[in-house]
Amino acid sequence: MTRQILVTHALPYANGPLHLGHALEAVQTDIWVRFQRLRGHDCLFVCAEDTHGTPIMIRAQQQGQTPEELIAASAAEHLRDYQQLLIGHDQFHSTHSEENRKLCAELYERLQAGGYIARRSVRQAYDEQAQMFLPDRYVRGTCPRCKSVDQYGDSCEVCGSTYSPAELIDPVSTLSNTPPVWRESEHLFFRLGAFETMLREWLASGSLSGAVRAKLDEWFAAGLQDWDISRDQPYFGFEIPGSPGKFFYVWFDAPIGYIASFVALAARRGLDFDRYWKSETATELHHFIGKDISYFHTLFWPAVLHGAGLRRPTNVCVHGFLTINGQKMSKTRGTFITARSYLDSLPPEPLRYYFAAKLSGGIEDIDLSLEDFIARTDSDLVGKLVNIASRCAGFIERGGGRLATALPDAELYAQFAAASEEIAALYEQREYGSAMRQIMNLADRANKYIDQHKPWAMAKDPARSEEVRAIATQGINLFRVLMVYLAPVLPKIAEAAGRFLGGPLDAWQAAATPLLGSALAPYQPLAQRLDPAVVFRLVASEPAAAPTKATPAKSAPAKTVATKPATAAPAATAAPGADAAATIGIADFARVDLRVARVLAASHVEGSDKLLQLTLDLGAGQRNVFSGIRASYAPEKLLNRLVIVVANLEPRKMRFGVSAGMVLCASGSEGGIFLLDVDSGAQPGMKVS
RNA sequence: GGCUAGGUAGCUCAGCUGGUUAGAGCGUGGCACUCAUAAUGCCGAGGUCGUGGGUUCGAGUCCCACCCUAGCCA
């Protein structure tokens, strides 16, 4: 039976670039969608740019643009990233669209008519200079519990306690640096508590994972509170009908954006709204989200839908976060890998495969270990999978370019084909890691088969050419089955494999019957090994944590990446010299961000007979560096000279100021200090590797 | 702080309702092979399953406490 399915992943917020955490979610979702389509189901995939809220408004002001300009530029960037990641959205829309405006008004009116909207006064921080109410994150002050200074208005990063901005000691608005005043304002509330029975019933009937249910149980136990869905002007969003000066909170209109995106798609394709959104429809609705926003998607969202007379989600698929080399991502304080920086240097499919290999249906975090990433790509994708086609193709080609008309080992093929349902079940449950393991097991068996039959040995005897062709035909067919199973993960490679095999791999069913007697196109390499230097540059080349007081993220703190040493290098091979350091891996070297810099100014340091104070141009910005080279270099001799700098050295506070980097020099036991030189043509900011 | 989830070989992970010598892939040591993108195959070494208690004939698997990591606290 053909299922009708609508799928979404979380809307990217127009406040910054996509990072690999976004990529993880998009890839997880896209694999599921491609799998469903491959199985013959009718699966739509929609998404939208999430555009509203105070952070967008503030940022647009800071950048001297209108919010509309900002969100348009952001959406274009996001869409480009998604496309390069091979995410096959049917529609990428915007929450700042007419469709969404209408839907928000309509849903709100239905909720109001149902008696689900309450009004009451709220006391909130107000910035008199900026003339606006302040979201909690825009108030900072001293933590009332542990007295740590400069903490957010809603929680303390040091002691982890949560509180309200009013409890902060010495609160200050981050917009104007003035102390806020407290003002009353009437807000609109969604009466979530009215839906408890419905929600309990919904979660019991649904297919939510165990961990998500456990969390929901906790929330039920704590009691469902009303949800504040309004914000006072000025606010970038939709004004609430009948409440001048009040706007829908961004989290109210964002999920409705899922529907808006569908509506835009429906207009293009002539789809029936009720079929997808009417209460009790048989059409499935699956939302893929990160664990940080499950409250919104498993409580507010089903309740809003139900209250407005619409269907509830079939499932909310919650995943964990992405860490990089074991470290959590932290946009506000560290570096992180943007989707862009990855895509500018590496192909999308190894990353898709790697994510697939580590994803499960649970909410555990998954780690992107760069070394592991390289190993898996090289070993699984190239050494095992693609190798099967690669090693067989030559035999077919030399034998006339056609496959044999029968399989020498039909039983083995049948075993490969029989794995189909088990693998499909794993995809369906988002147990991609297990699915990948199964598939790679089969790949091992395919390689073993070829090894055991040694077609290269037979090929020496012209009389056995048919046997050789048969063995190779078997190998190619085993490869083809695996490629069908992997098509949701590796769409481009599957496409290329389809061209090689003489027909597209566009149906799961195709694995059931072998390809016989047909001609093969000349074999082209289907996947390449990864260059470790390029991969490790991902963490090394991110702009060194410019400590921008970035506008806070819309929801929870943004997840991002920090870097960590890739494991220690193995024991050194024969130590060449007594004072040679132990061998390090390329990963260790890549952690050092060496840059070309130009000396803009140099001067003696009062009170030091060793140091010179240098102002360096690193291309992207200037740095102050203290360097102990006074004995060998006069300041005026250094002006305009190019030097090599360790750009990511932890800034060091010295008696004379902060030194942000280290200038590289050679020195020996004979005395003397020698700056490293750079050939002409090099420009400040260039990376040294 | 409360709650939820995770802590298993060098690395990345499997281990369902407790049951014989704890598994896989990668990496590593040895061997074989040369068709294949320094690919593949065979054999081996590697773990007191976060720590400390407890229940049980028997615990990685159940209970308690603690430590570490992540998320949520609307």
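The figures that follow rest on heavy atoms only: side chains count, while hydrogens, waters and symmetry mates do not.
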Problem set entry | Among B:G71, B:A36, B:A74, the nucleotide that comes nearest once only the side chain of A:A222 is considered | B:A74

Problem set entry | For B:A65, the Watson-Crick or wobble partner whose two distances fall under 3.5 Å | B:U51

Problem set entry | B:C49 to B:A59 separation - P atoms, rounded to the nearest Å | 12 Å

Exercise. What integer distance in Å separates A:I450:CD1 from B:G41:P?
Worked result: 10 Å

For this session: Can you tell me, in whole Å, how much space there is between the P of B:G7 and that of B:C43?
Result: 31 Å

For this session: Check every strand shown and say whether A:D365 touches a base, only sugar-phosphate, or nothing at a heavy-atom separation below 4.0 Å.
Result: sugar-phosphate

Exercise. From the list B:A36, B:G41, B:C13, which nucleotide is the closest neighbour of the side chain of A:D367?
Worked result: B:C13

For this session: Would you please classify the geometry between the A:F252 ring and the A:F248 ring as parallel, tilted or perpendicular, with 30° and 60° separating the classes?
Result: parallel

For this session: Give none if B:A24 has no partner; otherwise give the nucleotide forming a Watson-Crick or G-U wobble pair with it, both distances under 3.5 Å.
Result: B:U12

For this session: Let me know the distance between CE of A:M458 and P of B:U34, rounded to the nearest Å.
Result: 14 Å

Exercise. NA contact type, A:L526, heavy-atom cut-off 4.0 Å: base, sugar-phosphate, or nothing?
Worked result: base

Exercise. Which whole number of Å gives the distance between the P atom of B:A22 and that of B:G30?
Worked result: 27 Å

Exercise. Have A:D367 and A:T323 got a donor and an acceptor in their side chains that come within less than 3.5 Å?
Worked result: yes

Exercise. With rounding to whole Å, what would you report as the distance between B:C63 and B:C72 at their C1' atoms?
Worked result: 26 Å

Problem set entry | Euclidean distance for P, B:C31 against B:G47 (whole angstrom) | 24 Å

For this session: Grab the CD1-C1' distance between A:I324 and B:U69 for me, whole Å please.
Result: 16 Å

Exercise. So which nucleotide does B:C42 pair with, by the Watson-Crick or G-U wobble rule with both distances under 3.5 Å?
Worked result: B:G30

Exercise. Under a 4.5 Å cut-off applied to non-hydrogen side-chain atoms, are A:P313 and A:W202 in contact?
Worked result: yes

Problem set entry | A:K454 side-chain N/O to B:U40 phosphate OP1/OP2 under 4.0 Å | no

Exercise. For B:G71, what is the paired nucleotide under Watson-Crick or G-U wobble rules, both distances under 3.5 Å?
Worked result: B:C3

Exercise. Across the strands shown, which category fits A:R376 at heavy-atom distances under 4.0 angstrom: base, sugar-phosphate, nothing?
Worked result: base

For this session: Could you label the plane-to-plane angle of the A:W227 and A:F300 rings as parallel, tilted or perpendicular, counting under 30° as parallel and over 60° as perpendicular?
Result: parallel

Exercise. How far does the C1' atom of B:C68 sit from the matching atom of B:U8, given to the nearest Å?
Worked result: 16 Å

For this session: Please measure how far the C1' atom in B:C42 lies from the corresponding atom in B:G52, and state the result in whole Å.
Result: 44 Å

For this session: Would you mind building the protein contact string for nucleotides 3-8 of chain B? One character per nucleotide, 5' to 3', B for base within reach (heavy atoms under 4.0 Å), S for sugar-phosphate only, - for untouched.
Result: BSS---

For this session: Mind checking ring-ring contact (aromatic ring centres under 6.0 Å, His included) for A:F189 and listing every partner two or more places apart, or none if nothing turns up?
Result: none

For this session: Would you indicate what A:G394 reaches in the nucleic acid, counting non-hydrogen atoms under 4.0 angstrom: base, sugar-phosphate, or nothing?
Result: nothing

For this session: Select base, sugar-phosphate, or nothing to describe what A:P455 touches, counting heavy atoms under 4.0 Å on all strands.
Result: nothing

Problem set entry | d(NZ, A:K384; C1', B:G41) in whole Å | 13 Å

For this session: Report which part of the nucleic acid A:K358 touches: base, sugar-phosphate, or nothing (heavy-atom distance under 4.0 Å, all strands).
Result: sugar-phosphate

Exercise. Within this structure, what is the CZ-to-C1' distance between A:R437 and B:A14, rounded to whole angstrom?
Worked result: 5 Å

For this session: Give none if B:G60 has no partner; otherwise give the nucleotide forming a Watson-Crick or G-U wobble pair with it, both distances under 3.5 Å.
Result: none

Exercise. Do the rings of A:Y427 and A:Y432 sit parallel, tilted or perpendicular, given the 30° and 60° boundaries?
Worked result: tilted

For this session: Would you indicate whether the side-chain heavy atoms of A:P525 and A:Q528 approach each other to under 4.5 Å?
Result: yes

For this session: From the options B:U34, B:U37, B:A74, select the nucleotide whose nearest atom is closest to the side chain of A:W456.
Result: B:U34

Exercise. Expressed in angstrom and rounded to an integer, what is the separation of A:W219 atom CH2 from B:C72 atom P?
Worked result: 10 Å

Exercise. Which part of the nucleic acid does A:A527 contact within heavy-atom distance under 4.0 Å: base, sugar-phosphate only, or nothing?
Worked result: base

Exercise. Which residue, A:V382 or A:Y295, contacts RNA chain B at a nucleotide closer to its 5' end, judged by nearest heavy atom?
Worked result: A:V382

For this session: Give a yes-or-no answer on whether the side chains of A:S360 and A:E364 include a donor-acceptor pair shorter than 3.5 Å.
Result: yes

Exercise. Quick check, are the ring centers of A:Y258 and A:H287 under 6.0 angstrom apart?
Worked result: yes

For this session: Quickly work out the A:R137 CZ to B:C73 C1' distance and round it to whole Å.
Result: 13 Å

Exercise. Closer to the 5' end of RNA chain B via nearest nucleotide, is it A:D154 or A:D451?
Worked result: A:D451

For this session: Counting heavy atoms from C-beta on, name the nucleotide in B:A70, B:C35, B:A74 closest to the side chain of A:Q225.
Result: B:A74

Problem set entry | Whole-Å P distance, B:G15 and B:G6 | 11 Å

For this session: Using a 4.0 Å heavy-atom cut-off across all strands, classify A:V386 as base, sugar-phosphate, or nothing.
Result: base

Exercise. In whole angstrom, what separates A:L224's CG from B:C73's C1'?
Worked result: 13 Å

Exercise. Should B:G29 be called syn or anti, with syn set as within 90° of 0?
Worked result: anti

For this session: Report which part of the nucleic acid A:Y449 touches: base, sugar-phosphate, or nothing (heavy-atom distance under 4.0 Å, all strands).
Result: nothing

Exercise. Tell me, do A:Y249 and A:Y235 make a side-chain contact under 4.5 Å, heavy atoms counted?
Worked result: yes

Exercise. So which nucleotide from B:G41, B:A74, B:C26 ends up closest to the side chain of A:A375?
Worked result: B:C26

For this session: Show the numbers, then the answer: is there a ring pair (Phe, Tyr, Trp, His ring centres under 6.0 Å) between A:F195 and A:F190?
Result: CA-CA 10 Å; A:F195 295 90; A:F190 174 63; 5.3 Å; yes

For this session: When you get a sec, tell me which of B:G25, B:C11, B:A74 is the closest nucleotide to the side chain of A:S369?
Result: B:C11

Exercise. What nucleic acid atoms does A:D378 come within less than 4.0 Å of, heavy atoms only: base, sugar-phosphate, or nothing?
Worked result: nothing

For this session: Look at all strands and tell whether A:G475 reaches a base, only sugar-phosphate, or nothing, counting heavy atoms closer than 4.0 Å.
Result: nothing

